[in-house]
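We name chains A, B, ... by the order of the sequence lines, and we start the count at 1 in each one. No experiment lies behind these values; they were computed from the predicted model shown. All values below were derived from every heavy atom in this structure, side-chain atoms included, with hydrogens, water molecules and symmetry-related copies excluded.
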Number of protein chains: 2
Amino acid sequence: MSISEENLRVKTKDMLIGALLRAPAEAIHRRIIRELNAAGFEGLSQPHMAVFRYPSPDGVRPGVLAERAGMSKQAMNRLLGSLEDLGYLARTDAPDEGRARIVRFTQRGHLAYAKAIEVLREIEREWSGELGPKDFARLKLLLGRVWESPLVR
Amino acid sequence: MSISEENLRVKTKDMLIGALLRAPAEAIHRRIIRELNAAGFEGLSQPHMAVFRYPSPDGVRPGVLAERAGMSKQAMNRLLGSLEDLGYLARTDAPDEGRARIVRFTQRGHLAYAKAIEVLREIEREWSGELGPKDFARLKLLLGRVWESPLVR
DNA sequence: AAAGAAGGTAAACATAGTTTACCAACAATG
DNA sequence: CATTGTTGGTAAACTATGTTTACCTTCTTT
């Protein structure tokens, strides 16, 4: 190993939970966008992922999506307009609920969302191969416990 | 539990690794910015975190930081200019290395970075309390193995 | 010496978000 | 039952943050 490589190599032992979560989360994020585009779902970019993510936006009101994504209703509404133009979803009137609207996937939207899930499952297979199925299951279980706790709120 | 609450509640079992990593990573990210600002390190915002994160930018060239952050050298250079104006760092000439420059924390920069680490350690204590020390250690160990693997590249 | 590569910087531009402002539908209240 | 307030949504102006394009300086190569 060269001196520069040794200097660049990072010490996992010193790493705190922030970086340990951030790095793989970002890598996954980028990969999903890349593979969606490659699979013919063009036009989808980073910001759109605030909509195309768990839990599914299908059947949900715009304001709720804005809150989930931690952004203003106006910003979310623009994203929705953009995704509508790209043919992934439609905003329909909610019957009997005042001015409320409801976001619905189009056929194309359903396909794109399914593709994203497919990519994620492939990533899970890779991780499972690297860590071993038992340890990967453990990892998911632990992260699930974090999610269910008040820590993430 | 009301009907609407039940509908909103999310099923951890169904969650894929993307959401399981993303949600806590984002929560931690926001909290660090909030607590840094509250501790008197004002002006620091989301984009600055591309610099203020592991591994430390201290002693590193701007181009390397750009690559680490996955952004253009120009965008990084602006961030660095902003952080320089805020008094957190300085770009100094690198001796005997052509046009190269080196990023150095100021006193204030060192203090802010130390504060961020302190917040992270507090978060780790909280997680450790929630999961139990053993399971939290396991979680970090597993994430460390992911980091060391080619999965994150 | 000339050409090219590496590192950095600057300005124009595009994108994506917030702020401000407004409209429509329903609920509550006198 | 008219007025007021609340909720949900939308539009436009503004702000920030990033990329693209272009250029400068220093060092290396030929």
Side-chain angles (χ1 to χ4, degrees), chain A residues 2 4 7-8 26 29-30 33-34 36-37 42-53 57-86 88-104, chain B residues 2 4 7-8 26 29-30 33-34 36-37 42-53 57-86 88-104:
Chain A
S2 77
S4 68
N7 283 341
L8 283 177
E26 282 180 2
H29 193 243
R30 274 193 275 264
I33 294 167
R34 182 161 26 88
L36 278 173
N37 288 331
E42 285 165 30
L44 294 177
S45 61
Q46 243 127 345
H48 293 132
M49 292 302 108
V51 179
F52 265 81
R53 72 188 200 184
D58 195 53
V60 181
R61 279 183 288 112
V64 173
L65 294 176
E67 199 186 347
R68 279 187 193 166
M71 58 171 42
S72 67
K73 290 189 296 183
Q74 296 88 327
M76 174 53 70
N77 211 30
R78 259 216 204 173
L79 279 182
L80 294 175
S82 161
L83 287 168
E84 204 164 9
D85 292 345
L86 290 167
Y88 291 104
L89 55 83
R91 283 167 293 182
T92 67
D93 287 328
D96 303 334
E97 229 188 310
R99 183 142 179 81
R101 311 200 75 185
I102 291 187
V103 172
R104 284 287 175 202
Chain B
S2 77
S4 70
N7 284 340
L8 282 176
E26 281 180 2
H29 193 243
R30 275 196 273 266
I33 294 167
R34 183 163 24 92
L36 277 174
N37 288 331
E42 286 165 32
L44 294 177
S45 61
Q46 244 126 347
H48 294 130
M49 293 302 109
V51 179
F52 265 82
R53 72 190 200 181
D58 196 52
V60 180
R61 279 183 289 111
V64 173
L65 295 177
E67 199 186 348
R68 280 187 193 167
M71 58 171 42
S72 68
K73 289 190 296 182
Q74 297 87 325
M76 174 54 70
N77 212 29
R78 255 214 209 174
L79 278 182
L80 295 175
S82 161
L83 287 168
E84 203 164 11
D85 292 345
L86 289 168
Y88 292 105
L89 54 83
R91 283 167 294 183
T92 68
D93 287 327
D96 304 333
E97 226 187 313
R99 182 140 180 82
R101 313 201 73 185
I102 291 186
V103 171
R104 285 287 174 202

Practice task
Kindly determine whether V51(B) and Y88(B) satisfy side chain to side chain contact (heavy atoms under 4.5 Å, CB included), including the steps that lead there.
Solution key: CA-CA 11 Å; V51(B) 179; Y88(B) 292 105; over 6 Å; no
Problem - Contact boundaries on DNA chain C for chain A, cut-off under 4.0 Å to non-hydrogen atoms - result: dA16(C) to dC26(C)
Handout entry: Validation row: M76(A), E67(A) side chains within 4.5 angstrom (heavy atoms)
Key = no
Practice task
Measure the distance from CD1 on I33(B) to P on dT17(D) and round it to the nearest whole Å.
Solution key: 11 Å
Practice task
Write down the distance between CD (Q46(A)) and C1' (dT19(D)), rounded to a whole number of angstrom.
Solution key: 13 Å
Exercise for the section: Could you pull out all residues at least two apart from E84(B) that satisfy side chain to side chain contact (heavy atoms under 4.5 Å, CB included)? Expected result: L89(B), A90(B), R91(B)
Problem - N77(A) CG to dA12(D) C1', straight-line distance once rounded to whole Å - result: 13 Å
Exercise for the section: State which residues pass salt bridge (Lys or Arg N to Asp or Glu O under 4.0 Å) with R30(B); sequence neighbours excluded, sorted by chain then number. Expected result: E26(B)
Problem - With L79(B), the side-chain contact (heavy atoms from CB on, under 4.5 Å) member among P57(B), P47(B), P62(B) - result: P47(B)
Problem - 4.5 Å side-chain heavy-atom contact, D58(A) and R104(A) - result: yes
Exercise for the section: Indicate, with a heavy-atom threshold strictly under 4.0 Å, whether R99(B) touches base, sugar-phosphate, or nothing. Expected result: base
Practice task
Remember a base hit wins even if backbone is also touched, and classify R78(A) as base, sugar-phosphate or nothing at under 4.0 Å, heavy atoms.
Solution key: base
Handout entry: Atom pair distance, as rounded to whole Å: NZ in K73(B) and C1' in dC23(D)
Key = 12 Å
Exercise for the section: Could you state the atom-to-atom distance from CE of M76(B) to P of dG18(D) in whole Å? Expected result: 9 Å
Problem - Rounded distance in Å - CD (Q74(B)) to C1' (dC23(D)) - result: 11 Å
Fill in the blank from the handout: Here the distance between atom C1' of dA16(D) and atom CE of M71(A), to the nearest Å, is 14 Å
Practice task
Under 4.0 Å between any heavy atoms, over every strand shown, what does A100(B) touch: base, sugar-phosphate, or nothing? Just pick one.
Solution key: sugar-phosphate
